[in-house]
Amino acid sequence: MCSLNACLCDINNDITSKSDTIENLFTDLCKKCQSNNTKIILRKKDGYCKSCFLTSSTHKFRASLGKSKIIRRGDTVLVGYCGRDNSTALLHFIKSGMSETAHKRLIFNVLVFFIDDGSVEGYTVNERKNLLEAIDEQVQTFGFVGYTASLKESLCENTIPSIYPLEAKEVVIDENEVIQKMLSNLADDSAREELLRQLRHRLLILAARKLGCNKVFVADCATNIAINILSDISLGRGAQLSPDIDFSDTRYSDVMLLRPMRDFTKEEISHYLSCNNLNSIRSCKQNRISSSTSIQALTSKFISQLDSDFHGTVSTVFRTGEKLSTELLVCQNLEDNCALCNIPLDTKVINDDISALQATTLSSLLSSKNLNVNNSKETTDPLNVSVDTLKAQMCCRHKNINETECVCNIKEYKRSELSTLSSNTVLKHLCYSCQLIFRYSDVANCVPSFVLNTIQTRKIYPFKLSSTWMSHMHKLP
């Protein structure tokens with residue numbers, strides 16, 4: 001017994017001495033250089049001096065751009081700036097990389113774009129004007145040119161939003177309540193958050209096209225991506241997970257959306273701002289009217305609290321999400337994509353198996369109380385089409401006519417009054433997750449007008465819509 005106790009005492013002494021050594025290592029000296037004192041502690045165990053932390057952060061940002069080999073010399077990049085910590089750090093990384101003293105400095109053109117979403121976040125007109133002035137001052141401090149547009153411009157149907165320079169004094173503060181009415185008609189807070197996300201994404205793409213940018217930078221960090229992974233899967237967007245969390249989002253052929261901050265956590269970004277004496281314009285808290293009952297808010301709270309106790313939470317969810325890739329259908333024509341998020345409607349199946357979307361649709365159909373087994377076809381057409389329009393449709397489908405005549409037919413149709421679409425018709429042109437946004441709501445009052453316009457065009461002209469045709473249609477009044 002005495003010898004056993006002696007051994008236990010030796011083991012306890014060894015464990016104590018090792019723990020003391022590790023504690024002194026992390027609290028006194030930098031983990032990387034082993035010479036300077038620790039100034040920054042990450043994950044409550046890794047200590048870094050200020051110089052090593054900044055060098056490591058800069059290398060991580062530059063490596064994310066270098067590994068992809070997507071950014072080319074002379075590219076024009078639109079940076080989505082919201083005034084919060086992530087986007088402020090992103091602008092500083094870009095500015096530092098473009099300095100003359102930087103090794104292999106970044107050589108591309110940068111335009112900053114701010115989405116004025118104060119109308120849906122509960123800001124008054126004066127508060128929105130003050131926010132625009134603060135954003136303009138911050139962008140000028142970094143030495144970039146800034147532009148802004150109201151969130152309402154995401155609803156435009158001609159794909160040409162009204163964009164104003166930030167330094168312009170005649171910036172219009174839109175008081176239109178179209179989006180507020182649209183959000184109020186949705187069934188729950190999760191649907192509202194998801195619709196706002198899609199509208200912001202669409203406005204970024206539209207602004208990039210108008211300003212001549214072929215790439216867009218967004219400031220999604222690892223913490224944001226981990227939250228998006230869990231919330232997207234909960235909202236039925238698991239098939240579209242890859243475009244929403246990968247470094248590059250290539251759902252549009254002419255504009256590519258990139259996430260160069262995806263390897264940073266919120267803790268690292270906070271320390272980076274403090275080391276460079278940078279202050280964000282807006283806090284990272286939820287907006288004033290956002291409810292904590294949405295799936296996105298509850299997921300954010302869950303990830304934040306869990307990561308505070310278990311520091312591998314964000315990295316575990318983040319790395320696991322990268323492996324959850326689903327092979328989407330390669331859509332040669334635009335009508336196979338969702339009318340809202342532009343993601344393929346369904347996934348690719350093997351050996352003619354039924355897909356998840358088809359199984360869900362069939363289950364919903366069989367459980368419907370209004371199912372009529374005897375009628376396998378629709379008895380009425382939900383879209384009221386005039387005789388002249390049908391003649392134009394048949395002409396386009398069965399005769400070899402030039403594009404000018406077809407464009408004239410489309411123009412004549414767009415000038416006429418839009419027909420009424422049924423709820424089932426609208427939902428058929430949306431992916432499963434976007435269907436959940438409007439499924440329990442009044443489609444006529446909550447679906448954006450550009451979505452209805454896209455569906456109308458597909459119903460009138462159900463042939464393959466090429467990019468040339470769409471470019472002609474975008475120019476129509």
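Gln305 and Asp309 share no donor-acceptor pair across their side chains, judged by distance under 3.5 Å alone. A donor atom on one side chain and an acceptor atom on the other are found under 3.5 Å apart for Tyr272 and His92. Judged purely by distance below 3.5 Å, without hydrogens or angles, the side chains of Thr148 and Asp116 never pair a donor atom with an acceptor atom.
Atom CD of Gln140 has more than 12 neighbouring heavy atoms from other residues, nucleotides or ligands inside a 6.0 Å radius.
Ring-centre distance between Phe93 and Phe264: below the 6.0 Å cut-off.
Lys60 has no carboxylate O lying under 4.0 Å from a charged side-chain N of Asp263, or vice versa, which leaves the two without a salt bridge. With respect to the salt-bridge test (charged N to carboxylate O, under 4.0 angstrom), the residues Asp85 and Lys266 do not qualify. Asp244 and Arg251 are joined by a salt bridge, as a carboxylate oxygen and a charged side-chain nitrogen come within less than 4.0 angstrom of each other. A salt bridge links Arg282 and Glu121; the closest N-O separation between the charged side-chain nitrogens and carboxylate oxygens is under 4.0 Å.
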Pair Tyr252-Val216, side chain to side chain contact (heavy atoms under 4.5 Å, CB included): steps then yes or no: CA-CA 12 Å; Tyr252 298 96; Val216 178; over 6 Å; no
Candidate pair Gln240 and Asp232, rule side chain to side chain contact (heavy atoms under 4.5 Å, CB included), full reasoning: CA-CA 8 Å; Gln240 293 89 352; Asp232 281 1; over 6 Å; no
Derivation and outcome, side chain to side chain contact (heavy atoms under 4.5 Å, CB included), residues Ser119 and Ile179: CA-CA 9 Å; Ser119 60; Ile179 296 183; 5.7 Å; no
Intermediate values then yes/no, side chain to side chain contact (heavy atoms under 4.5 Å, CB included), Tyr440 and Asp188: CA-CA 9 Å; Tyr440 305 105; Asp188 50 50; 5.7 Å; no
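Counting only heavy atoms from C-beta outward, the side chains of Leu42 and His311 never approach each other to under 4.5 Å. Two residues are said to be in side-chain contact when any heavy atoms from C-beta on lie closer than 4.5 Å; Phe217 and Leu90 meet this criterion. Residues Ser99 and Arg105 form no side-chain contact, since every pair of their non-hydrogen atoms from C-beta on lies 4.5 Å or further apart. Residues Phe247 and Leu65 meet the side-chain proximity criterion, which asks for heavy atoms closer than 4.5 Å. Annotation: side chain of Phe144 is not in contact with side chain of Val79 (no heavy-atom distance under 4.5 Å). Val77 is not listed as a side-chain neighbour of Ile94, based on a closest heavy-atom distance of 4.5 Å or more. Side chains of Leu131 and Phe114 form a contact here, defined as non-hydrogen atoms less than 4.5 Å apart. Side-chain contact check for Phe302 versus Leu230: some heavy-atom pair is nearer than 4.5 Å.
Counting all heavy atoms, side chain and backbone alike, Ile295 lies closest to Thr299 at O-OG1, 2.7 Å. For the residue pair Ala207 and Pro161, the shortest heavy atom distance occurs at N-CG, 4.4 Å. Residues Gly143 and Lys95 approach most closely at CA-NZ, 4.5 Å, considering heavy atoms. A pairwise comparison of heavy atoms in Met256 and Ser248 identifies SD-CB, 4.2 Å as the closest pair. The two residues Thr38 and Leu29 make their nearest non-hydrogen contact at OG1-O, 2.9 Å.
With values rounded to the nearest 0.5 angstrom, Asp75 atom CG is found 12.0 Å from Leu106 atom CG. How far NZ of Lys215 is from CG of Leu258: 7.0 Å, rounded to the nearest 0.5 Å. A distance of 9.0 Å separates CG of Leu306 from OG1 of Thr316, quoted to the nearest 0.5 Å.
Within the 3.5 Å criterion, the main-chain N or O of Asn185 finds no donor-acceptor partner in the side chain of Asn445. Formation of a donor-acceptor pair under 3.5 Å by the Asn228 side chain with backbone atoms of Asn224 is found in this model. One N or O on the side chain of Arg259 and one on the backbone of Asp246 form a donor-acceptor pair closer than 3.5 Å. Ser184 places a side-chain N or O within 3.5 Å of a backbone atom of Lys181 that can act as its donor or acceptor partner.
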